[in-house]
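Written below as structure tokens is the structure these notes are about.
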Amino acid sequence: MSEVTRAQRDAARPRPPVSGASLLWVVLPLLALVLSTVWLVGSDWLRAFDTGAPPVEKLTFERTILDGDGIHVTVRAGGSEPVTIAQVQVDDAYWTFRQEPPGPLDRLAAAWLHIPYPWVLGEKHEIKVVSKTGTTFKKEIEVAVPTPQPQIGVLGPQALLGAFVGIVPVVIGMLFYPALRGFGGQRMNFLLALTVGLLVFLFIDSLKEAIEFGIKAASAFQGIAMVLVVAAIAFIVLFVVGRRHGTPTGVALAAYIALGIGLHNFGEGLAIGAAFAAGVAGLGMFLVMGFTLHNVTEGIGIVAPLLDSRPSFPTFVWLALLAGAPAIPGLWLGSVSYAPQWSALALAIGAGAILQVIVEVSAYLAQSAAKRGERWMTPSALAGLVVGLGVMYATAILVKV
Amino acid sequence: MATGGAVITALTATQRAGAQAPTMHPHQAALGETKPSHYGHGNMITVGDVDLARNGFDPTALLTDWERGTVSRLPDGRTLRTFEIVGEDKEIEVAPGIMFPAWTFNGRVPGPTLRATEGERLRIVFKNQGSHTHTMHFHGIHSARMDGIPGAGEVLPGGEFTYEFDALPFGCHLYHCHSLPLKRHIHKGMYGAFIVDPDPERHPEQALIARTRLLGTPENKNWQELVMVMNGFDTNFDNENEIYAVHSVAHHFSKHPIRIDRARPVRIYLVNVLEFDLINSFHLHANFFDYFDHGTTLTPTLKTVDTIMQCQAQRGILEFTYQKHETGLYMFHAHQSEFAELGWMGMFDVAEATS
């Protein structure tokens, strides 16, 4: 049956009117839900399961800010009943604190704890929150440094740093474009496979980082599930949008690659910013050069689908910005100390976007090989894949903070 | 010095006037600001106050709360002193807002301070209304049957046992539950001080000193006697204490300094029952004391010291005076800084007699 006839037949068939009966079958299940809830709350038969055990309490630390007034942390509650914070210890000493807003914390509610503690630059501190039931929740501050304040004076240098690790290497990679233009056949295969390899590495990296942040988030967010669900949605949406007009090729494909890489660089910016804010990394020249080297391959990957076409100069400019510039807002956000679930979310979207371009570049590789009447899985394609993965892994050694 | 004294006096007055109020404004003291919100501890303090009425005991009142039992005569003319003790489960607030599911003697932690006189016959009727098996094991001289250990005087929930022995030797002692697991039964709160005053007739050569120790004599009335049980609580059951204190409530005596009459000497019956930590200690600021280890002698075992340490169940008597001091707040605390900062810290408010 062809599409046309099916559509015609569907149009011809009269739509059933919204009758009272069908409406009833919407209202009834909802009513059943309400009634069962009322019965559950009203009859309190769950009491039979009450073992007399104290409530399960969970408290997750999100942001940590150190400044001239002391230590400020946000905590988010979880568990079976509201969490009441009774006291706060810092380095095994009870310390005064102010909770904002005060009172018991409902499930998923967050509050600031302001602790006027004279923290010591460069040293380790441990915060222990003691709840009403005597349960303790620990947060380690590995190296105490003042948390950068979002000021104009700091935004400039941070933007420069973001540009250096994000845009500069992508541009450098793109500069290989004229040299690559002459590529055809096996060398083209090699280059596209190399792009797939580097994207696979970025996918693994993004997903790993996203899951790491997801685990740190409050348990009700279901870190790992949230990351995988968001990555899947990002993939599906981009895949469907990308295929509106068939498999993306040329500039469109390059743009999707740039988008995926851009989202990954945003996450990388978050990680760098957070590492410096937490004092766990010194900003060495070695580290910055490492990031630059690591990201050069990305520039080559973006231009790989453009070898057949002749894009204009502005196209290269916005592709470079799309892929590199997100590192700048990433750094800004990362350095002001943010809650882990937001990083997990950003990195998960990045992972989904990268998965989409992995699929599309692979499809493009297969198509262009088929056009030349070749098999796509040739020794040169295999070599490209391995080199792409290997180079990314090797250069990542330089940048793991 | 004069200005310093004035500041201290002013702050003392504030603390006396509003003992509840000034504990809830921690954030006004920014770093680098030198004026602390509380004299002596600044921001190193628990926030809020414990509901002493709900707890059913006030650590300040426990300092001088001697349980004397009921007295009768035995046929041979000796004094028989009978104490009635009930073991019960009770949730107590050990720091503002922190509840601890305790096992108690008479609903308080530490249990009642049993005070007898050397040579008396003692009868301790113990009823166990708790959810677990308990005993009362006294540090003193008694028969094996009266030892209060599994197999000798262990009481099942709902049961009862009467321990009977002579009050010997005189000194500063303690009692605690000896059911197993011992560690859990002790740190859950089953302990108390057991003081045996010397009988002056048995110590003719030191009768005067003995009389100062014998509760109720005119010589004894001149002394300001306090009992202090140093304890701790592992509120999250990880075999480490979250709370250190004298009489259970963290920082109680920092927030409620102990009034001392400058003119009269001070005697402290000090008992350490702290679980998990190897030792505990007592350090007195700006003063020195004589120490009687276990309190079993009438002459000091250590003279002129300002710090002593005690392992678990070790105890002793401290004697000192502020007669030559100016009035003011004098600190005392465990000289394990960690214990002090987790609650085991207090103040003597030395003042002229108000009579």
Side-chain angles (χ1 to χ4, degrees), chain A residues 51-59 65-73 81-105 111-121 125-138 144 146, chain B residues 22-34 36-38 41-51 89 91-102 131 232-238 240-245 249-251 254-255 277 336-345:
Chain A
T51 55
V56 177
E57 293 174 308
K58 279 186 181 160
L59 205 64
I65 290 177
L66 280 70
D67 63 18
D69 290 333
I71 301 170
H72 314 267
V73 291
E81 271 178 44
V83 176
T84 305
I85 294 170
Q87 300 294 337
V88 170
Q89 295 177 8
V90 187
D91 301 337
D92 288 335
Y94 282 107
W95 217 261
T96 57
F97 68 99
R98 186 166 56 87
Q99 184 187 330
E100 182 190 338
L105 291 175
W112 278 100
L113 299 179
H114 303 288
I115 313 159
Y117 187 82
W119 54 272
V120 183
L121 182 71
H125 294 288
E126 187 187 68
I127 298 168
K128 209 186 266 179
V129 171
V130 190
S131 81
K132 185 177 81 175
T133 63
T135 309
T136 54
F137 304 94
K138 284 182 217 171
Chain B
T23 49
M24 287 299 281
H25 51 86
H27 204 62
Q28 46 52 298
L31 297 188
E33 219 174 283
T34 47
S37 53
H38 297 272
H41 47 69
N43 284 312
M44 192 287 295
I45 193 85
T46 48
V47 173
D49 231 333
V50 164
D51 186 345
D89 298 359
E91 192 165 66
I92 60 170
E93 194 177 356
V94 291
I98 302 177
M99 304 304 292
F100 182 81
S131 55
F233 294 95
D234 171 17
T235 65
N236 59 4
F237 302 98
D238 64 350
E240 267 184 46
N241 294 305
E242 276 67 43
I243 305 282
Y244 294 84
V249 177
H251 286 137
S254 301
K255 295 174 181 177
D277 293 287
Q336 284 87 352
S337 311
E338 183 197 352
F339 299 1
E341 297 193 323
L342 288 174
W344 180 172
M345 195 179 108

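The OG1 atom of B:Thr46 sits 12.5 Å away from atom CH2 of A:Trp95, with the distance rounded to the nearest 0.5 Å. Atoms CE and CG, from B:Met44 and A:Asp91 in turn, are 12.5 Å apart once rounded to the nearest 0.5 Å. Remark: B:Leu342 CG to A:Tyr94 OH distance equals 5.5 Å, nearest 0.5 Å. Here the straight-line distance linking atom CG of A:Asp92 with atom CZ of B:Phe339 works out to 10.5 Å at 0.5 Å rounding. Atom CG of B:Asp238 is separated from atom OG1 of A:Thr135 by 10.5 Å, given to the nearest 0.5 angstrom.
More than 12 heavy-atom neighbours from other residues, nucleotides or ligands sit within 6.0 angstrom of NZ on A:Lys128. Counting non-hydrogen atoms of neighbouring residues, nucleotides and ligands closer than 6.0 angstrom, the CD atom of B:Glu240 reaches no more than 12 such neighbours.
A search for ring pair (Phe, Tyr, Trp, His ring centres under 6.0 Å) contacts involving A:Phe137 returns nothing, not counting sequence neighbours. Checked against side-chain hydrogen bond (donor to acceptor under 3.5 Å, both in side chains), B:Asp277 has the following partners two or more places apart in sequence or in another chain: B:Asn241, B:Tyr244.
No donor-acceptor pair under 3.5 Å is formed between the side chain of A:Gln87 and the backbone N or O of B:Gly97.
Of the atoms belonging to A:Thr136, heavy atoms from both backbone and side chain fall under 4.5 Å from chain B.
Nearest heavy-atom pair across B:Ile98 and A:Ser131 is CG1-O, 3.9 Å.
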